[in-house]
There are 2 protein chains.
Amino acid sequence: MKPNHLPKNPPHDLKQLHEQVTTKLSQANYRYTDNRRRLVETLARYGRPVTLPDIINADPALAQSSIYRNLELLENIGVTCRIAIGSEHAHFELAEQLVGHHHHLICKACGTVQDVHLDLQIESLLEESLAQIASRANFSPLHHTLDLHGRCADCK
Amino acid sequence: MKPNHLPKNPPHDLKQLHEQVTTKLSQANYRYTDNRRRLVETLARYGRPVTLPDIINADPALAQSSIYRNLELLENIGVTCRIAIGSEHAHFELAEQLVGHHHHLICKACGTVQDVHLDLQIESLLEESLAQIASRANFSPLHHTLDLHGRCADCK
DNA sequence: CTCTATTATAAGAGTGAGTCTCATTATCAT
DNA sequence: ATGATAATGAGACTCACTCTTATAATAGAG
Ligand SMILES: [Mn+2]
Ligand SMILES: [Mn+2]
Ligand SMILES: [Zn+2]
Ligand SMILES: [Zn+2]
């Protein structure tokens with residue numbers, strides 16, 4: 001029912017990603033500066049939600065304040081997404097509009113987050129069930145988040 | 001964000017709740033002080049995840065530092081739970097050990113969080129699917145979180 | 001009931017992730 | 001080129017949360 005499953009574009013296709021970001025930026029009358037390009041590229045290279053220190057570690061030339069400013073700008077036009085883990089740092093990744101709907105494995109030990117995809121059948125059953133719950137509570141649903149918490153392969 | 005309000009009628013199983021908390025505290029060699037009793041009671045009365053200002057608003061006699069300290073202590077013995085919404089304040093509620101497994105409706109406008117229960121059949125299908133995903137990623141699952149984001153009845 | 005060791009409290013100082021300011025720099029339009 | 005606008009980045013600042021520490025409450029021994 002709900003078109004929550006948008007086409008997934010593999011993050012290894014950097015050129016196509018940059019084209020999509022270019023379009024979104026120009027539609028909002030923003031420039032695709034070198035700073036922004038490197039930020040998007042860093043997120044794409046990681047391929048999983050990362051913290052601000054992760055980003056600076058991958059590209060130390062980027063300034064903290066500029067990264068935060070651009071992450072907010074890019075989030076507003078649907079390029080990136082901020083996710084709230086329990087960790088002291090927020091995590092950032094490419095938006096589902098670009099990389100498709102997915103979920104997260106969150107390691108309680110090292111804090112790393114990994115993308116995973118739910119079986120399409122369960123995903124749609126879940127959507128249906130959540131829509132029911134929402135209408136019962138007179139709640140307007142926008143999107144859901146589903147995280148699995150535990151210990152990653154490296155930490156167990 | 002609109003102010004939060006306590007429900008008029010406290011649940012009539014408060015006594016049982018206090019008994020359970022007493023047991024957990026004494027097993028860990030902690031005292032069930034007046035501060036801790038009032039904190040647990042405030043969380044029970046709200047019946048949904050609340051922020052620290054919410055708690056102080058409901059019981060202004062409680063000191064901020066004591067609330068934080070006791071919330072951490074109570075979380076360590078499985079009485080309360082801290083949840084990370086995107087909001088500037090963390091949210092706290094009674095642990096699932098005490099109130100059962102459930103999920104959350106999160107309002108993007110006013111920030112309030114509401115407890116909801118998923119259909120048992122879908123819940124077990126989901127568990128199964130997540131277990132598969134975890135084993136495929138060599139990940140040791142502990143628990144999952146499922147939130148529906150949107151606009152609550154009051155805000156839409 | 002004292003006395004004492006231990007636990008809990010609370011005011012305020014401290015921490016740090018994230019935001020804001022503003023002077024400088026880059027880019028675009030003419 | 002010249003002026004207008006957008007973007008940058010260093011550092012000041014905010015504020016949710018933690019830590020310190022002096023005081024208060026409690027349990028247990030005698
Ligand atoms: Mn999903
Ligand atoms: Mn569930
Ligand atoms: Zn790990
Ligand atoms: Zn609302």
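So you know, we letter chains A, B, ... as the sequences are listed, proteins then strands, and number each from 1. Source: prediction; values computed, not measured. Note: hydrogens, waters and symmetry copies are ignored here, and every other heavy atom, side chains too, is used.
The outermost nucleotides of DNA chain C lying under 4.0 Å from heavy atoms of chain B, listed 5' to 3', are C/dT6 to C/dG12.
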Base versus backbone protein contacts along nucleotides 5-18 of chain D [heavy-atom cut-off under 4.0 Å; B, S, -]: BSSBBBB----SBB
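Classified by interplanar angle (parallel below 30°, tilted 30° to 60°, perpendicular above 60°), the ring pair A/H149/B/H143 is parallel.
Using a cutoff of 4.0 Å between basic side-chain nitrogens and carboxylate oxygens, B/D59 and B/R38 are scored as salt-bridged. At a threshold of 4.0 Å, the pair B/E19-B/K15 does not count as salt-bridged, since none of the basic side-chain nitrogens sits closer than that to a carboxylate oxygen.
The residue from A/L52, A/I56, A/N57, A/V50 that alone fulfils the side-chain contact (heavy atoms from CB on, under 4.5 Å) condition with A/D54 is A/V50.
Residue pairs meeting the salt bridge (Lys or Arg N to Asp or Glu O under 4.0 Å) criterion with at least one partner in residues 138-156 of chain A, sequence neighbours excluded, do not occur; the list is empty.
Nearest heavy atom pair, residue A/D115 against residue A/E93, reads OD1-OE1, 3.5 Å. Here the shortest heavy-atom pairing between B/V116 and B/H104 reads CG2-N, 4.1 Å.
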